[in-house]
Amino acid sequence: MGASGTVSGPDLSVQIGSLTLKNPVMVASGIFGYGDEFRGLADYGELGALVLKTVTREPRPGNPPASRTVETPAGMVNAIGLENVGVEALVEEKLPLALSYGTAVIASIAGDTPEDFAACAEILDDTPVSAIEINISCPNVRKGGMAFGVDAWASAQVVRAVRPATRKPLIAKLTPNVTDICAIARACAAAGADAVSLVNTFSAMVVDVETRRPVLAANTGGLSGPAIRPAAVLRTFQVARAVSAPVIGMGGIWNASDALEFIIAGASAVAVGTVLFADPAAGNRVLAGIREYLVRHRLDSLQELVGSITLRDGD
Amino acid sequence: MGASGTVSGPDLSVQIGSLTLKNPVMVASGIFGYGDEFRGLADYGELGALVLKTVTREPRPGNPPASRTVETPAGMVNAIGLENVGVEALVEEKLPLALSYGTAVIASIAGDTPEDFAACAEILDDTPVSAIEINISCPNVRKGGMAFGVDAWASAQVVRAVRPATRKPLIAKLTPNVTDICAIARACAAAGADAVSLVNTFSAMVVDVETRRPVLAANTGGLSGPAIRPAAVLRTFQVARAVSAPVIGMGGIWNASDALEFIIAGASAVAVGTVLFADPAAGNRVLAGIREYLVRHRLDSLQELVGSITLRDGD
Amino acid sequence: MTTREGPSQPTAEGTDGRLVHRLEAPILESARLPAGYHRLVVRAPAIGAVAQPGQFLHVWCHDPTTIGTPPAAAVLRRPYSISRVWSGEAVEILLQVRGVGGRMLSGRRVGESLDLIGPLGKGFRIHDDLRTAVVVAGGSGIAPVPFLTETLVARGVRVVALVGAADDDRMPFPVDRAEPGRATLLPLEAVGAEVTFVAEAVEGKLVSEALEERLEELSGPGAEVMATGPVAMLRQVVKTAGESLPVQVSLEERMACGVGACRSCVVPVTGAEGIVYRTVCRDGPVFAGGEIAWERLGR
Amino acid sequence: MTTREGPSQPTAEGTDGRLVHRLEAPILESARLPAGYHRLVVRAPAIGAVAQPGQFLHVWCHDPTTIGTPPAAAVLRRPYSISRVWSGEAVEILLQVRGVGGRMLSGRRVGESLDLIGPLGKGFRIHDDLRTAVVVAGGSGIAPVPFLTETLVARGVRVVALVGAADDDRMPFPVDRAEPGRATLLPLEAVGAEVTFVAEAVEGKLVSEALEERLEELSGPGAEVMATGPVAMLRQVVKTAGESLPVQVSLEERMACGVGACRSCVVPVTGAEGIVYRTVCRDGPVFAGGEIAWERLGR
Ligand SMILES: Cc1cc2nc3c(=O)[nH]c(=O)nc-3n(C[C@H](O)[C@H](O)[C@H](O)COP(=O)(O)OP(=O)(O)OC[C@H]3O[C@@H](n4cnc5c(N)ncnc54)[C@H](O)[C@@H]3O)c2cc1C
Ligand SMILES: Cc1cc2nc3c(=O)[nH]c(=O)nc-3n(C[C@H](O)[C@H](O)[C@H](O)COP(=O)(O)OP(=O)(O)OC[C@H]3O[C@@H](n4cnc5c(N)ncnc54)[C@H](O)[C@@H]3O)c2cc1C
Ligand SMILES: Cc1cc2nc3c(=O)[nH]c(=O)nc-3n(C[C@H](O)[C@H](O)[C@H](O)COP(=O)(O)O)c2cc1C
Ligand SMILES: Cc1cc2nc3c(=O)[nH]c(=O)nc-3n(C[C@H](O)[C@H](O)[C@H](O)COP(=O)(O)O)c2cc1C
Ligand code: FES
Ligand code: FES
């Protein structure tokens with residue numbers, strides 16, 4: 001795997017607002033909880049950042065059980081429904097363990113109202129989290145979540161409410177379930193987001209044809225995994241051209257080549273999600289592959305690659 | 001495969017406006033051209049309807065070559081760009097061959113303006129096509145296509161323009177690349193569409209990381225195949241609840257169980273697309289499986305199944 | 001045994017001191033069994049050394065060398081109970097082939113490796129004063145019973161196993177009806193259980209009814225029920241025996257991570273402040289029968 | 001041989017009278033060859049009886065019995081030239097393993113079947129007055145050459161084959177350098193071609209340059225060039241020989257349907273009314289070198 005770990009290797013660092021990540025590979029929100037449960041299955045401290053499960057002002061039970069996830073061709077549909085311990089328990093019980101990995105930890109927040117988001121951000125402002133991701137794109141809750149993220153004005157409202165509550169870099173996480181994701185990205189950036197991340201899941205449904213009921217207890221959920229990758233790459237490409245803020249790309253990344261598609265299309269950083277359920281060391285594998293690619297292509301820094309796509313002439 | 005072909009089998013017929021299809025399995029537009037090229041590879045006359053490649057007023061060359069399609073996990077991305085012979089050549093040269101299968105033939109039309117669509121419909125009104133599908137959802141053309149389909153008012157404009165041009169049943173084909181597909185479905189139905197079909201492809205991009213260029217000559221394309229199935233099933237479910245017009249569901253159907261998901265979620269008929277490239281007899285396989293399911297579940301008619309989903313309580 | 005791409009030394013998982021390993025375990029045996037079951041034995045001393053009965057392995061169904069390419073089917077791992085541990089060196093799973101993942105695993109061959117994570121979850125609690133374990137198993141719930149029995153017997157516990165299935169031919173083990181009026185499973189007897197096999201089609205009753213019949217006889221201080229199998233059976237067992245005896249049940253739920261992070265596999269548990277969700281993969285799969293809010297279990 | 005789910009009797013395809021079959025063809029040989037090539041021979045008399053050199057098969061890479069479940073990779077079929085026809089009964093393809101589809105096919109075994117559609121496309125036009133065919137092949141363009149040569153020789157045509165590769169070890173056939181100053185490929189000689197092998201690394205030239213050197217000698221009435229290989233080579237061959245001789249080229253393009261319906265695989269052709277798109281799968285893969293609009297070929 002080439003020059004991995006050598007001191008003279010390419011520069012992999014990434015700038016997200018005032019935050020510098022040591023490399024572009026992050027863990028996506030909701031995949032590995034508050035960071036402690038996967039401990040020991042890979043060297044998560046090696047990655048650029050760990051985004052924790054989205055939390056809300058108060059703890060939430062999430063959607064009813066049986067089932068909350070279901071497999072689909074090259075993907076899965078989940079409807080966890082933002083089950084979480086609440087922002088206060090996150091800070092008191094969970095954060096110290098997540099921080100012990102020795103890499104940047106990013107909190108993810110959600111709420112029913114812009115004020116809810118702001119309240120979470122205010123609490124997190126006093127903690128060592130490196131940044132705050134604003135989840136306005138969860139398809140699995142009735143109020144809040146995607147209801148904000150599908151509307152540019154409502155998205156901006158949330159970002160505007162959070163902005164004064166913290167000096168931490170703010171990342172707005174976008175849903176792909178919209179007609180014009182660029183408009184929403186621009187609205188978030190204008191409202192003060194330092195970066196945008198995308199995509200959250202594509203809303204979806206799986207039917208059990210024998211019982212004629214939805215497989216998910218919540219009826220609907222969000223599609224993730226390799227299945228959505230080409231759709232996620234396009235949205236990353238579009239948003240990267242629409243805003244000057246850095247873009248964190250994700251959706252179906254399984255290997256380094258997948259991650260490089262996002263980076264070349266315009267992502268400054270990438271996140272691995274679903275793949276971690278199959279391969280807990282996928283982030284490390286992707287990181288090693290990106291480093292190897294840079295070495296092989298004699299690129300001194302990742303920055304040279306970000307958005308370096310050359311379009312075809314078209315017709 | 002059970003009772004297939006027996007006279008006393010379940011009633012598979014489907015009503016689309018004034019049109020009765022003998023069964024619910026159709027071939028999706030753009031997959032098998034004008035119907036002649038696949039001849040002999042399966043018994044296409046056995047299927048409920050054949051939707052021909054979208055045509056425009058004038059012939060179109062489509063997108064530049066190399067490449068127009070690329071494989072992705074459990075799917076493919078295409079950017080054919082509506083290459084077609086034009087509505088007149090369709091009627092004169094292609095239609096007789098398509099009609100010779102002995103099942104319903106549905107023409108699909110597109111254009112840059114509502115008048116273009118109307119002109120095509122007028123020409124088709126004098127032919128034996130069973131219905132006309134209005135393609136306002138092609139992601140692979142710059143003008144027209146999806147530009148109409150992402151906007152409820154513009155979609156309705158097209159349907160309204162076509163409605164007086166023909167007495168044939170009209171089917172509006174919807175794009176999933178929107179925030180609210182139900183609003184668009186309702187607008188089309190209110191404007192005179194007898195049915196809606198969905199989904200067309202999800203817009204997507206694939207990057208060649210070695211050349212750092214898009215694989216598709218048109219840069220972007222549309223994602224189809226099993227990858228999108230759960231996202232397509234949800235949209236079919238939503239639209240079937242939003243309009244009283246019949247819904248034709250498609251997107252990633254590979255086998256009978258997949259088709260039944262769409263039907264139980266609310267589709268009166270289904271279409272097979274991408275799967276035909278792998279298995280030219282997939283439509284027949286799906287049809288046999290649906291018949292077998294009805295027999296096994298002692299259902300006398302397909303109608304009992306359409307939209308028969310029972311939702312879970314949710315939280 | 002090598003650990004793939006992860007750290008080569010397993011580290012403590014979380015803060016509860018448990019050891020969880022991810023490893024590529026060489027397949028030592030891959031055998032088709034009756035009734036669509038399959039046995040896989042892998043060399044995994046690191047897991048064998050610490051595994052408890054009731055714990056499970058999270059298994060990647062594909063060839064470990066293909067982990068870098070996304071599959072269409074079996075994108076997620078599959079949970080399987082540890083069915084036996086052989087001299088602490090080898091670990092056995094007993095799987096009923098239900099879908100695509102099981103089919104793939106049943107095609108894996110000796111000489112290949114299995115990418116697995118384990119041991120996971122909390123197994124059966126074996127209290128010091130346990131004297132008699134009434135092990136009730138239905139269908140593929142048979143899988144963890146050999147390991148459980150061996151462990152209990154080694155601890156001096158009497159194991160009374162009531163095993164149920166729809167018919168004799170629905171079992172991975174041959175049913176022995178040599179002794180008139182009694183059916184048994186010799187492989188389970190061999191590990192020290194007193195076995196009663198109950199085929200609904202032959203005996204005309206369910207295993208939970210067999211439990212009811214023997215409940216009085218088996219009740220007493222130091223007795224406990226440990227049940228594995230379909231939810232309907234577990235619920236019935238708790239109803240039947242829950243008043244007289246402590247009951248532990250092993251639950252199944254769809255999983256993604258398998259380690260308690262993603263909250264996929266929750267079940268409703270009645271706690272001090274009402275119903276809370278607990279994970280099958282980390283808080284379970286074994287729960288006290290009384291704590292499950294059965295009416296909210298869904299499906 | 002059985003036709004899967006389709007009609008059991010092949011019918012005329014379209015209106016041009018060609019016969020196309022879809023069938024499950026038993027694999028008779030599956031052999032690893034040098035340089036990452038693989039040979040698959042299947043029993044398919046229906047195809048063998050009508051195949052023309054230059055035509056191809058559209059191959060489903062997976063086990064035919066899994067056609068009802070969607071795959072993650074190799075969702076589409078893969079096009080491969082017919083490399084040989086054995087006594088009209090068996091058909092051979094010679095594939096260079098490039099990606100996932102090729103890898104799968106190289107893992108298929110004797111006794112299994114291959115789900116294939118063919119013969120597809122229009123092959124090389126063999127005119128009645130053809131006397132000398134100069135067959136120029138680069139890289140995996142070697143695949144159709146044995147079938148082409150055999151057919152030409154049977155028609156009394158002299159076949160001069162110029163075969164190029166980067167080096168001797170990039171060929172599926174062993175390079176014979178027994179005769180000083182000349183390299184050849186015995187399997188191609190065996191079917192009747194006069195072979196000159198040109199390894200860029202050894203001879204220090206490209207196969208198109210070898211063609212240039214011999215062009216005058218080979219030109220004359222009844223002579224024609226037939227070229228298969230990478231686009232850059234084909235373009236060079238047309239440039240070199242196009243003025244002196246008719247040139248036919250076999251093109252490759254990404255396919256979906258393989259039968260001319262989906263318009264995936266088009267190439268730009270200069271027609272009476274400017275540039276039009278023609279399909280590689282149905283109008284080709286063999287085109288007149290002069291009709292291709294090379295500058296618009298893309299990539
Ligand atoms: C803790 C635990 C221990 C288990 N131990 C055993 C065992 O020892 N032997 C055995 O035969 N089976 C056991 N099961 C059930 C086993 O996990 C499923 O049969 C298996 O996941 C089915 O996968 P499949 O691909 O063959 O079937 P599919 O139906 O194709 O699976 C599709 C999806 O549903 C999930 N799924 C399907 N059935 C179940 C189920 N019952 N529980 C959880 N997820 C399910 C799969 O994991 C997969 O994600 C256990 C389940 C759990 C949760
Ligand atoms: C008419 C025709 C005849 C051919 N004959 C032969 C032959 O006899 N021997 C041989 O080794 N190869 C031949 N090829 C090329 C062969 O089709 C590709 O090597 C093969 O499709 C690669 O598939 P893969 O899954 O191994 O590679 P991948 O790179 O994983 O394929 C990914 C996708 O790209 C397509 N693709 C990749 N390369 C090509 C290509 N060169 N042409 C068309 N599509 C491509 C594949 O079909 C697939 O859809 C021929 C191609 C055509 C069009
Ligand atoms: C089980 C599961 C839970 C998730 N929970 C959250 C969440 O709490 N907050 C969030 O912003 N995204 C959540 N996501 C979305 C992921 O962070 C990511 O955006 C998405 O899965 C696409 O990436 P992937 O295809 O690599 O998984 C969740 C995804 C999954 C699969
Ligand atoms: C190669 C290709 C060409 C297509 N061309 C058209 C078209 O001309 N008109 C149209 O309405 N839809 C077109 N579609 C979309 C399909 O009709 C269908 O809506 C979509 O592919 C989803 O179904 P599937 O996943 O089963 O393929 C095309 C799809 C493919 C793959
Ligand atoms: S499977 Fe992730 S919490 Fe249990
Ligand atoms: S592959 Fe469909 S037209 Fe050639």
Side-chain angles (χ1 to χ4, degrees), chain A residues 1 30-43 53 61-76 78-84 97 208 211 213 215 217 225-227 229 252-258 274-282 284-286 288-289, chain C residues 3-7 9-16 18-22 58 60-62 64 67-77 99-101 115 117 231 253-268 274-282 293 296-299:
Chain A
M1 274 278 157
I31 302 300
F32 91 150
Y34 311 106
D36 202 41
E37 294 85 353
F38 269 82
R39 195 178 296 270
L41 292 175
D43 180 4
K53 173 76 185 169
N63 285 324
S67 297
R68 283 181 166 188
T69 47
V70 53
E71 227 182 54
T72 66
M76 64 179 283
N78 90 79
I80 309 296
L82 290 194
E83 169 168 357
N84 77 90
L97 294 170
D208 180 329
T211 62
R213 302 171 74 201
V215 171
R229 195 198 67 221
I253 292 175
W254 198 274
N255 54 40
S257 171
D258 299 343
T274 302
V275 66
L276 290 178
F277 300 145
D279 180 6
N284 311 77
R285 180 162 54 71
V286 166
Chain C
T3 304
R4 200 183 152 68
E5 299 182 84
Q9 291 305 313
T11 31
E13 188 201 40
T15 45
D16 55 5
R18 282 184 298 165
L19 288 174
V20 173
H21 301 261
R22 176 183 181 195
H58 214 26
W60 176 240
C61 301
H62 308 260
I67 197 104
T69 37
V75 177
L76 300 174
R77 288 172 180 260
V100 58
D115 177 341
I117 298 174
V231 167
E253 206 47 73
R254 279 180 205 260
M255 294 186 180
C257 72
V259 295
C262 75
R263 313 297 300 179
S264 279
C265 64
V266 297
V267 289
I275 288 178
V276 292
Y277 294 142
R278 293 266 175 270
T279 59
V280 167
C281 70
R282 195 180 183 97
R296 300 276 292 263
L297 203 50
R299 300 216 192 222

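Residue numbers begin at 1 in each chain, while the letters A, B, ... track the order of the sequences.
The minimum heavy-atom distance between A/E37 and C/A261, with the atom names listed, is CB-CB, 3.8 Å. C/R22 and A/A278 make their closest contact through NH2-O, 4.4 Å (heavy atoms, listed as atom of the first residue, atom of the second, distance). Taking all atoms of both residues into account, the shortest heavy-atom contact from C/V75 to A/A74 is CG2-CA, 3.8 Å. Listed here is the closest heavy atom pair of A/N255 and C/G68: ND2-O, 2.9 Å. In terms of heavy atoms, C/R254 sits closest to A/S67 at NE-OG, 3.1 Å. Of all heavy-atom pairs between A/P64 and C/Y277, the closest is CA-OH, 3.5 Å.
Residue with the most contacts toward chain C among A/P226, A/P280, A/P73, A/G30: A/P280 (heavy-atom pairs, distance under 4.5 Å). Options C/V267, C/V276, C/T69, C/I275 differ in how many heavy-atom pairs under 4.5 Å they form with chain A, and the most are formed by C/T69. The candidate from C/A72, C/A74, C/P70 with the greatest count of non-hydrogen atom pairs under 4.5 Å with chain A is C/P70.
Residues C/P71 and A/W254 meet the side-chain proximity criterion, which asks for heavy atoms closer than 4.5 Å.
Contacts between A/S257 and chain C at a heavy-atom distance below 4.5 Å are absent for every atom of the residue. Contact of C/A73 with chain A is made through the backbone alone, with heavy-atom distances under 4.5 Å. Heavy-atom distances place no part of A/V275 under 4.5 Å from chain C, backbone and side chain included. Interface residue A/P61: backbone and side-chain heavy atoms are both found under 4.5 Å from chain C.
Taking CD1 from C/I117 and CG from A/D279, the interatomic distance works out to 8.5 Å, rounded to the nearest 0.5 Å. C/R263 contributes atom CZ, which lies 9.0 Å from atom CD1 of A/I80 (distance to the nearest 0.5 angstrom).
Every residue two or more places apart in sequence or in another chain that forms a side chain to side chain donor-acceptor pair (under 3.5 Å) with A/T69 is listed here: C/S264. Looking at residues two or more places apart in sequence or on another chain, you find a ring-ring contact (aromatic ring centres under 6.0 Å, His included) between C/W60 and C/H62.
Not a single donor-acceptor pair under 3.5 Å links the side chain of A/R68 to the backbone N or O of C/V266.
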